[in-house]
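These numbers come from a predicted model, not from an experiment. Heavy-atom basis, side chains included; hydrogens, waters and symmetry copies ignored. Below, chain A is the first sequence line, B the second, and so on; all start at residue 1.
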Amino acid sequence: MALKMVKGSIDRMFDKNLQDLVRGIRNHKEDEAKYISQCIDEIKQELKQDNIAVKANAVCKLTYLQMLGYDISWAAFNIIEVMSASKFTFKRIGYLAASQCFHEGTDVIMLTTNQIRKDLSSPSQYDTGVALTGLSCFVTPDLARDLANDIMTLMSHTKPYIRKKAVLIMYKVFLKYPESLRPAFPRLKEKLEDPDPGVQSAAVNVICELARRNPKNYLSLAPLFFKLMTSSTNNWVLIKIIKLFGALTPLEPRLGKKLIEPLTNLIHSTSAMSLLYECVNTVIAVLISLSSGMPNHSASIQLCVQKLRILIEDSDQNLKYLGLLAMSKILRTHPKSVQAHKDLVLQCLDDKDESIRLRALDLLYGMVSKKNLVEIVKKLMSHVDKAEGTTYRDELLTKIIDICSQCNYQHITNFQWYISVLVELTRLEGTRHGHLIAAQMLDVAIRVKAIRKFAVSQMSALLDRAHLVASSTQRNGICEVLYAAAWICGEFSEHLQEPQQTLEAMLRPKVTTLPGHIQAVYVQNVVKLYAAILQQKEQAAEPEAAQDVTQLMVERLPQFVQSADLEVQERASCILQLVKHIQKLQAKDVPVAEEVSALFAGELNPVAPKAQKKVPVPEGLDLDAWINEPPSDSESEDEKPKAIFHEEEQRHVKQRQPEADEEELARRREARKQEQANNPFYIKSSPSPQKRYQDLPGVEHIPVVQIDLSVPLKVPGMPASDQYVKLEEERRQRQRLEKDRKKKKKKDKERKGRARRRGSLLSESDEDVAPAQQVDIVTEEMPENALPSDEDDKDPNDPYRALDIDLDRPLADSEKLPVQKHRNADTSKSPEKEHVPVTEKKPKKPKKKEKKLREKEKQPREKEREKEGKEEKPGEDLDFWLSTTPLSAVPPAPEEPGANAVIAAAQEEGEEARREEPADEAEDDDERDPEKKPSKHKKKKHKKEKEERSKDKKKPKKKKPASDGAAEPVENGALDEDPLPVRARVQLLPLG
Amino acid sequence: MIKFFLMVNKQGQTRLSKYYEHVEINKRTLLETEVIKSCLSRSNEQCSFIEFKDFKLIYRQYAALFIVVGVNDTENEMAIYEFIHNFVEVLDEYFSRVSELDIMFNLDKVHIILDEMVLNGCIVETNRARILAPLLILDKMSE
């Protein structure tokens with residue numbers, strides 16, 4: 001045996017350790033992969049040995065290799081072997097490797113259950129700690145179920161080191177095994193008042209995460225957290241608690257009112273930027289929840305905005321970024337207070353840091369008003385020209401569109417200007433967002449009837465210089481706007497000045513280089529345009545002109561018939577036949593315009609994107625019900641349906657046959673030829689497609705070379721958006737003068753509805769800016785009695801849904817955690833039923849403490865209520881807490897024993913406790929706010945009292961196990977009646 | 001919640017990686033490359049927060065080594081920024097002037113330190129003495 005050990009240690013001397021491996025990899029830069037595969041072979045050999053030290057060393061090296069990206073899952077079993085080593089130095093290596101590479105899919109993980117349980121209950125706190133740490137990384141639903149009880153027991157361990165870890169691991173356990181939340185929750189709640197600040201902080205962390213997902217279940221904890229917030233000095237904990245309140249306030253506006261004061265105090269006093277930032281964030285959340293009718297909180301908003309301005313003006317880019325981020329949250333509810341800082345935001349647009357520029361852009365979105373829209377967009381347009389990176393430029397583009405289109409174009413007073421901006425944006429090269437511009441063009445043209453004439457003129461101009469837009473492949477993204485342009489010119493062709501010119505522009509051979517879906521729109525809208533021209537010509541009694549147009553169509557359409565895109569081809573061949581038919585009729589002098597226009601009669605209305613979804617199911621209609629009775633299983637399945645289909649098919653065939661006349665056959669032949677021509681695999685016998693192409697469009701249509709200018713020429717009648725700025729100003733000047741005149745006669749002619757929404761901080765309010773032309777924005781159509789709800793957005797696969805559990809309901813037997821039998825040899829004799837009252841007691845305990853505290857506040861009215869409502873429900877409890885005024889409900893911290901215990905604990909650690917705060921505060925210790933100092937003195941004065949009280953506080957804890965024990969004898973008697981299942985469900989007792 | 005904690009050098013070599021949510025091994029390499037790329041592409045004039053996919057990166061550079069922390073949108077960026085420095089201070093104390101090589105040679109120990117500070121994606125301990133206590137005991141044991 002001794003010999004073997006000596007041999008083992010000699011072996012080890014020749015093995016590489018981690019340092020050798022790292023050095024080796026560095027020395028083999030040329031053939032790293034080869035060297036590592038060699039090492040892995042060595043490691044495999046080492047893992048085969050019996051010596052645990054060798055194995056641990058090998059696993060340690062594997063952990064390093066895993067970090068470099070090598071799969072080490074093949075060694076999972078060896079890792080478990082090392083995990084089960086008795087020596088801590090090896091065990092931790094095993095757990096480290098496991099935490100790095102195990103996951104839910106690792107099959108050997110189920111072998112670890114007992115080992116982990118053993119480690120969890122080890123007398124050494126570090127064994128337990130390492131097991132808990134490891135578990136946090138690889139806990140599976142099975143492990144969570146099997147170990148939940150053990151971990152829960154550890155939450156009451158004597159050592160805070162273990163308690164802290166156990167509390168945090170519980171969060172993962174809840175996620176993997178939601179059933180454990182209710183039984184474990186009372187104890188988790190207890191830990192919020194743990195004497196150790198670390199444990200407290202861990203519990204806050206866990207509840208914070210839980211509450212963020214399902215805040216309503218944790219509302220009843222608000223008083224407790226409030227107490228913590230007003231008493232804690234640990235910034236890390238404060239940040240978490242304040243964040244938690246941010247999640248709770250939307251559900252309970254009264255809570256927000258209570259919070260405002262302590263939070264503003266913190267904002268004033270703290271020097272830690274992280275805490276300041278968090279406070280501002282939560283104050284914002286509070287203000288959002290209060291936004292209706294709380295005018296007297298403008299001071300808090302002003303304070304936040306001021307603090308944020310200081311952050312934004314700071315030279316530290318991080319603070320600048322965070323300041324802008326928080327500012328954008330205020331903006332949503334209080335745009336006026338942010339708008340005052342427009343200068344600052346615009347300045348940030350010039351920042352070197354792209355992420356800061358993007359944040360500033362977000363802010364601009366909310367800062368626009370009727371008054372400054374034109375100016376802001378002008379500024380953005382100049383940035384578009386300057387922007388070097390395409391991503392940032394694209395972002396600018398989307399922001400411009402967002403800013404202009406927000407709230408149903410509420411800020412746009414002049415749609416001519418907007419159309420010009422959109423047209424200007426089409427000059428952007430290589431943007432991905434052509435479709436956005438196109439969508440805007442369509443939306444504006446359809447919904448703003450007054451602008452159609454102008455839009456059509458702009459779009460026809462755009463079509464005219466389509467070659468600029470679609471010239472190079474680089475500009476592919478932007479050619480989407482042609483889609484919109486073609487559609488607008490077609491649909492609203494009655495507004496076209498020179499329809500013939502536009503028609504020709506749309507039939508240019510170059511069009512065939514555009515993407516298929518755009519060509520398809522071209523083809524369709526060419527006909528609309530054609531119909532309009534026909535009508536015009538016939539009304540003017542110019543049959544020749546009409547025939548010329550028809551001739552043009554007949555000549556040009558074949559280029560689309562040849563298209564490789566099915567949609568284009570199909571539409572084109574259909575329309576070509578139609579036009580040929582019209583040509584025949586025209587030759588006979590038959591008026592056709594009326595009938596052709598009838599093809600496109602009626603107006604298209606905008607329909608809301610969700611309209612279809614929102615159509616309510618009519619009463620009495622059950623979509624899941626069978627229309628016909630389902631065939632019974634005994635019947636042969638095929639018979640009936642077959643007969644039905646058979647009949648139908650025959651009918652179809654009969655209907656179709658007469659259609660296939662001469663013309664149709666010719667068309668099909670033509671189409672087949674086209675298809676063959678387009679099919680690269682078809683061996684052609686007849687003239688080559690190129691030749692035919694030249695045959696088709698006559699001599700005069702030989703494509704003319706178009707000069708491709710990189711700088712677009714200023715097309716007359718193409719107003720640049722800039723000139724609107726001047727026009728706007730002049731117009732406003734005029735309006736103001738007029739208004740002043742009117743004002744003398746009638747003072748209050750302001751529209752009341754809008755004036756209420758915005759205070760008039762600025763000398764000239766938005767309302768004064770009347771729109772340039774009276775526009776009527778058509779609202780999107782919705783089905784009658786559409787349902788207004790938006791509930792369809794919830795994700796049913798959210799893992800946190802399972803944790804949406806009512807925690808105030810008393811615990812039922814079936815919900816207790818499964819416990820391994822052998823671990824509870826002494827308590828397992830108790831059957832479940834006897835324990836129910838004990839469990840139910842637990843959640844109430846913290847409440848009792850609260851009651852005691854409140855009684856000390858000595859408000860007679862309160863006392864009465866307390867006595868009356870001994871069986872108060874948690875909801876009422878909260879109501880009561882919230883209804884009291886902030887000052888009386890929050891006594892100064894030193895008077896509360898619970899809080900004192902915390903402070904005392906924090907003070908005992910002296911220097912250490914202070915280091916816990918984020919470094920920036922620790923650095924300037926002397927600059928600590930004056931408000932905190934007096935309380936420190938008080939602390940010292942009352943130290944003795946505190947200690948006494950904290951002892952008092954501990955007493956009930958000691959009593960607890962005793963009372964549980966007292967219940968035990970009663971339970972013992974029941975054993976024989978009710979034999980326990982393998983996994984007995986037993987009331988949990990704290991180990992410590 | 002912290003999603004991952006990375007130490008990557010300027011050459012893009014990972015020196016420490018810890019994931020608090022499971023990520024497949026081949027995706028890890030990809031993620032790490034992307035993360036370091038986006039960190040390297042930034043200059044000193046830029047802020048230390050990057051919006052990256054559906055989470056945020058917070059990074060600090062120490063000589064040639066980047067420490068990058070990926071967090072979800074609820075984490076306080078500034079606090080994490082301070083936390084990174086706190087972590088480096090602890091390393092500095094333990095290794096007395098920590099270098100990249102120290103971290104490579106003592107990967108397991110760095111992991112112990114990190115595990116003491118971050119558990120389950122939450123910051124649990126920031127006190128230097130208490131963080132190093134288990135490690136010092138361990139060192140005594142192995143002597």
Tell me which of these, [options], has more heavy-atom pairs under 4.5 Å with chain A than the rest.
options                               : answer
B/Thr74, B/Thr14, B/Thr29             : B/Thr74
B/Asp108, B/Ile50, B/Leu16            : B/Asp108
B/Asp115, B/Leu107, B/Asn76, B/Leu119 : B/Asn76

Considering only heavy atoms from C-beta outward, does the side chain of [X] approach that of [Y] to under 4.5 Å?
X        : Y        : result
A/Asp353 : B/Glu45  : no
B/Tyr19  : A/His103 : no
B/His22  : A/Cys137 : no
A/Met170 : B/Asn120 : no
B/His111 : A/Gln100 : yes
B/Met104 : A/Arg26  : yes
B/Arg42  : A/Ser355 : yes
A/Trp236 : B/Thr126 : yes

Go through the atoms of [X] and report whether side chain, backbone, both or neither lie under 4.5 Å from a heavy atom of chain A.
X        : result
B/Ile58  : neither
B/Ile123 : both
B/Leu101 : side chain
B/Asn72  : side chain
B/Phe83  : both

[X], part contacting chain B, at a heavy-atom distance under 4.5 Å:
X        : answer
A/Gln66  : both
A/Lys87  : neither
A/Lys352 : both
A/Leu358 : neither

*Is it possible for you to check whether A/Arg359 lies under 6.0 Å from the centre of the six-membered ring of B/Phe49, through NZ or CZ, and within 45° of that ring's axis?*
no
*asked:* Give me the atom names and distance for the closest heavy-atom approach of A/Gly69 to B/Ile25.
replied: O-CG1, 4.0 Å
_Evaluation steps, side chain to side chain contact (heavy atoms under 4.5 Å, CB included), between B/Ile137 and A/Tyr126_ = CA-CA 10 Å; B/Ile137 289 171; A/Tyr126 293 114; 3.2 Å; yes
*Less than 4.0 Å between a side-chain N and a carboxylate O, is that true for A/Lys172 and B/Glu21?*
no
*Taking NZ, NE, NH1 and NH2 as the nitrogens, is one of them in B/Glu125 or A/Lys164 under 4.0 Å from a carboxylate oxygen of the other?*
yes
*Would one find more than 12 heavy atoms of other residues, nucleotides or ligands at under 6.0 Å from atom CG of B/Asn26?*
yes
*Between the side chains of B/Glu116 and A/Tyr161, does any donor sit under 3.5 Å from an acceptor?*
yes
*Say whether A/Asn318 and B/Ser48, considering side chains only, have a donor N or O and an acceptor N or O under 3.5 Å apart.*
yes
_Choice from A/Glu209, A/Arg92, A/Arg23 maximising heavy atom contacts with chain B below 4.5 Å_ = A/Arg92
*Run the numbers on A/Leu322 and B/Glu77 for side chain to side chain contact (heavy atoms under 4.5 Å, CB included), then give the verdict.*
CA-CA 8 Å; A/Leu322 292 180; B/Glu77 293 92 340; 3.6 Å; yes
